[in-house]
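Side chains included, hydrogens not; waters and symmetry mates left out as well; all remaining heavy atoms used. For clarity, every value in this text was computed on a predicted model and none was experimentally measured.
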Amino acid sequence: MRITGGRVFDPEQGFVRRDVCTDGALISAASGDDRVLDASGCYVIPGLVDVHFHGCVGEDFSDATPEGLQRIADFELSQGVTYICPAGMTLPEDQLTAICKNAAAHRKNNSGGAELAGVHLEGPFLCMAKKGAQNGAFLHDPDGAMLHRLQEAAEGLVKLVTLAPEQPGSLDFIRSANADGVNVSLGHTTADYETASAAYEAGARQATHLFNAMPPFTHREPGVVGAAFDHPEVRAELICDGIHIHPSVVRAVFQLFGAGRVILISDSLRATGMPDGVYPFGGQEIEVHGNRATMLGHPETLAGSVTSLMGCVRQAVQFGIPLADAVRAASLNPARSIGIDEYAGTLDVGKQATLVLLDEKDLSIKGILQRGEAVVQ
């Protein structure tokens, strides 16, 4: 197939006028057949990669049901999110094991929808003071052996784990996680600058939903935010739903870290794509009004978002972030964070022919290709 007439995402040049050719499931230097797709009036971007979200359309990854995970994968693909690394909650080890086994089985079944590229264990290795919407009853000190058991249950799919680095044994946990092929992200933490810096020097490489569930970034106490900035190898997640982070701060983060170090995430909940109401959440309940989700009875505690990652890209652009930077932060950067950038995240020759066509006027989705085949919407 030859995709012609569109403005194609390039991580170095922004958007360029060129054709994209596919040969079977891969992007190629020349078209593998005589099909032509007219992308005039569209941006051509890589399929998005969400490395931190919990669910959508009434389903939650932590429910560990095959049917629910399939519905999640199908909905995400329809939103242009073609690779997913859903996040588990703070739960007992037996439930986390079930989550990991369900993910591994889904991956093996290869039953369609967005590709399950990994698992993000957002809990249970967090601190009580910054647990946010996580269930404090199931918090657990950092435990490398436990993580290893979960990685075995997931058959190697655990790619990210969130850690509060002030908890006992954190530095050894980071080294153990890295040995298991898991990227450690600091979050749900009270860590000061020195503690966070020590964790990054030990091998942590990410910050979980920057600013949320961590100490503020101030001129005398820069905390996790300052430590992340001072370590160039570290990437920072950012929820850009218009609720969690002020537009000025979104712009500041892109300026501070640079477009190559920001990872847009949705942190979306099962209420995404659903009407307002009350929904279960990790043994607790949340209440949704419009695009705001809070803990039931605690309207000051945000519980995640009800915006898809593509919605977050559009929101970032509305906040003044260049589209190319927003796309990079939702495709290439997260792909690198979970180690799938060899086949995803850009439209380079040899990568999977998985891409999205966006209308130049309103960024609505005009078409989706997954491994060279059109996705029926």
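- Proximity of a side-chain donor or acceptor of Gln284 to a complementary backbone N or O of Ala133 within less than 3.5 Å is detected.
- The heavy-atom pair separating Ala117 from Ile338 by the smallest distance is CB-CD1, 4.0 Å.
- Taking a cutoff of 4.0 Å between a charged side-chain nitrogen and a carboxylate oxygen, Arg35 and Asp33 qualify as a salt bridge.
- His140 and Phe125 have perpendicular rings, their planes meeting at more than 60° on a 0 to 90° scale where under 30° would count as parallel.
- Here the side chain of Ser170 pairs a donor or acceptor atom with the backbone of Pro165 at under 3.5 angstrom.
- Under 4.0 Å is where a charged nitrogen must lie from a carboxylate oxygen, and between Glu59 and Arg71 at least one such pair does.
- A donor-acceptor contact closer than 3.5 angstrom links the side chains of Ser111 and Gln70.
- Side-chain contact between Leu369 and Met1: present, with at least one pair of heavy atoms (C-beta onward) separated by less than 4.5 Å.
- Checking side-chain atoms of Asn183 against main-chain N and O of Ser337 turns up a donor-acceptor pair under 3.5 Å.
- A single hydrophobic cluster is not seen to contain both Leu48 and Ile265; linkage of ILVMFWY side chains at heavy-atom distances under 4.5 Å, directly or through other members, places them apart.
- A side-chain donor from one of His188 and Glu122 sits under 3.5 Å from a side-chain acceptor of the other.
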Quiz item: Is there a side-chain hydrogen bond (donor to acceptor under 3.5 Å, both in side chains) between Ser305 and Asp267 once you walk through the steps?
Solution: CA-CA 6 Å; Ser305 90; Asp267 201 11; over 6 Å; no
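- Of the possible donor and acceptor atoms, one in the side chain of Arg17 sits under 3.5 Å from a partner among the backbone N and O of Gly5.
- Taking a 6.0 Å sphere around CD of Glu233, one finds it holds more than 12 heavy atoms contributed by other residues, nucleotides or ligands.
- Two residues are said to be in side-chain contact when any heavy atoms from C-beta on lie closer than 4.5 Å; Pro11 and Val327 fail this criterion.
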Self-check item: Derivation of the salt bridge (Lys or Arg N to Asp or Glu O under 4.0 Å) call for Glu155 and Lys108
Solution: CA-CA 10 Å; Glu155 299 183 24; Lys108 283 182 179 178; 3.2 Å; yes
Exercise. Before giving the answer on side-chain hydrogen bond (donor to acceptor under 3.5 Å, both in side chains), spell out for Thr90 and Asn135 the whole-Å C-alpha distance, their side-chain angles and the decisive distance to 0.1 Å.
Key: CA-CA 6 Å; Thr90 295; Asn135 193 330; over 6 Å; no
Quiz prompt | From CA spacing to verdict: side chain to side chain contact (heavy atoms under 4.5 Å, CB included), Glu285, Tyr279 | solution = CA-CA 6 Å; Glu285 290 185 313; Tyr279 295 87; over 6 Å; no
Exercise. Check the pair Asn291, Asp241 against side chain to side chain contact (heavy atoms under 4.5 Å, CB included), reporting the backbone distance first and the verdict last.
Key: CA-CA 8 Å; Asn291 66 338; Asp241 62 346; 5.6 Å; no
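- Glu166 and Thr190 share a donor-acceptor pair across their side chains, judged by distance under 3.5 Å alone.
- Interatomic distance, Leu264 CG to Cys240 SG, rounded to the nearest 0.5 Å: 6.0 Å.
- Using modelled atom types, no side-chain atom of Thr162 and backbone atom of Gly123 make a donor-acceptor pair closer than 3.5 Å.
- When the side chains of ILVMFWY residues are joined at heavy-atom separations under 4.5 Å, either directly or via intervening members, Phe281 and Val57 end up in two distinct hydrophobic clusters.
- For Gly112 against Ala73, the heavy-atom pair with the smallest separation is O-CB, 4.1 Å.
- Side chain of Ser78 to main chain of Phe75: a donor-acceptor pair is present (N/O by atom type, distance under 3.5 Å, no hydrogens or angles).
- The side-chain heavy atoms of Asp325 and Pro322, taken from C-beta on, include a pair separated by under 4.5 Å.
- Following chains of ILVMFWY side-chain contacts shorter than 4.5 Å, one can reach Ile72 starting from Leu309, so the two form part of one hydrophobic cluster.
- Considering OH of Tyr200 and OG1 of Thr195, their distance stands at 12.0 Å, rounded to 0.5 Å.
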Quiz item: Given the rule in the side chain to side chain contact (heavy atoms under 4.5 Å, CB included) test, do Phe9 and Val44 qualify, once you have shown the distances and angles that lead to the verdict?
Solution: CA-CA 6 Å; Phe9 171 77; Val44 184; over 6 Å; no
Self-check item: Worked check of side-chain hydrogen bond (donor to acceptor under 3.5 Å, both in side chains) between Asp230 and Tyr193
Solution: CA-CA 10 Å; Asp230 277 346; Tyr193 174 87; 2.6 Å; yes
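- Side chains of Asn333 and Arg328: a donor-acceptor N/O pair is present below 3.5 angstrom, by distance only.
- With hydrogens and angles left out, the side-chain atoms of Gln151 and Asp180 include no donor and acceptor closer than 3.5 Å.
- Atoms CD1 and CG, from Ile99 and Leu91 in turn, are 5.0 Å apart once rounded to the nearest 0.5 Å.
- The backbone N or O of Thr208 sits less than 3.5 Å from a side-chain atom of Ser185, completing a donor-acceptor pair.
- Looking at Asp63 and Arg270, a side-chain N of the basic residue comes within less than 4.0 Å of a carboxylate O on the acidic one, giving a salt bridge.
- Between the side chains of Thr97 and Asp94, no donor-acceptor pair is found at a separation under 3.5 Å.
- Ring planes of Phe15 and Tyr43: tilted class, angle from 30 to 60°.
- Within a 6.0 Å sphere centred on NZ of Lys101, heavy atoms belonging to other residues, nucleotides or ligands number 12 at most.
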Quiz item: Step by step, would you call Leu357 with Ile365 a side chain to side chain contact (heavy atoms under 4.5 Å, CB included)?
Solution: CA-CA 6 Å; Leu357 305 184; Ile365 295 175; over 6 Å; no
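- A side-chain donor-acceptor contact under 3.5 Å links Asn178 to the backbone of Val182.
- Between the side chains of Ser266 and Asp50, at least one donor-acceptor pair of N or O atoms lies under 3.5 Å.
- Looking at Arg261, its side chain does come within 3.5 Å of a backbone N or O of Ala228 through a donor-acceptor pair.
- Counted by atom type alone, Lys351 and Thr346 present one or more donor-acceptor pairs between their side chains at under 3.5 Å.
- With a 4.5 Å cut-off on side-chain heavy atoms, Pro66 and Asn102 count as touching.
- Using a 3.5 Å distance cut-off with no hydrogens or angles, the side chains of Gln315 and Thr307 do not pair a donor with an acceptor.
- The hydrophobic cluster containing Val51 does not contain Leu269, counting ILVMFWY residues as joined when their side-chain heavy atoms lie under 4.5 angstrom apart, directly or transitively.
- Expressed to the nearest 0.5 Å, how far CD of Glu152 lies from SG of Cys100 amounts to 11.0 Å.
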Quiz item: Between His209 and His244, does a ring-ring contact (aromatic ring centres under 6.0 Å, His included) hold up when you go through it step by step?
Solution: CA-CA 9 Å; His209 42 49; His244 283 78; 7.6 Å; no
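- Evaluation of the salt bridge (Lys or Arg N to Asp or Glu O under 4.0 Å) rule for Glu115 yields Arg107, Arg371 as partners, not counting sequence neighbours.
- The minimum heavy-atom distance linking Met128 with Gly136 is given by the pair CE-O, 3.6 Å.
- One finds the CD1 atom of Ile27 at 14.0 Å from the OH atom of Tyr343 (value rounded to the nearest 0.5 Å).
- Between the side chain of His246 and the main chain of Ser248, a donor-acceptor pair closer than 3.5 Å is present.
- By the criterion of side-chain heavy atoms lying less than 4.5 angstrom apart, applied directly or through intervening Ile, Leu, Val, Met, Phe, Trp or Tyr residues, Leu347 is not grouped with Leu358; the two fall into different hydrophobic clusters.
- Here the side chains of Pro124 and Met146 are in contact, with some heavy-atom distance below 4.5 Å.
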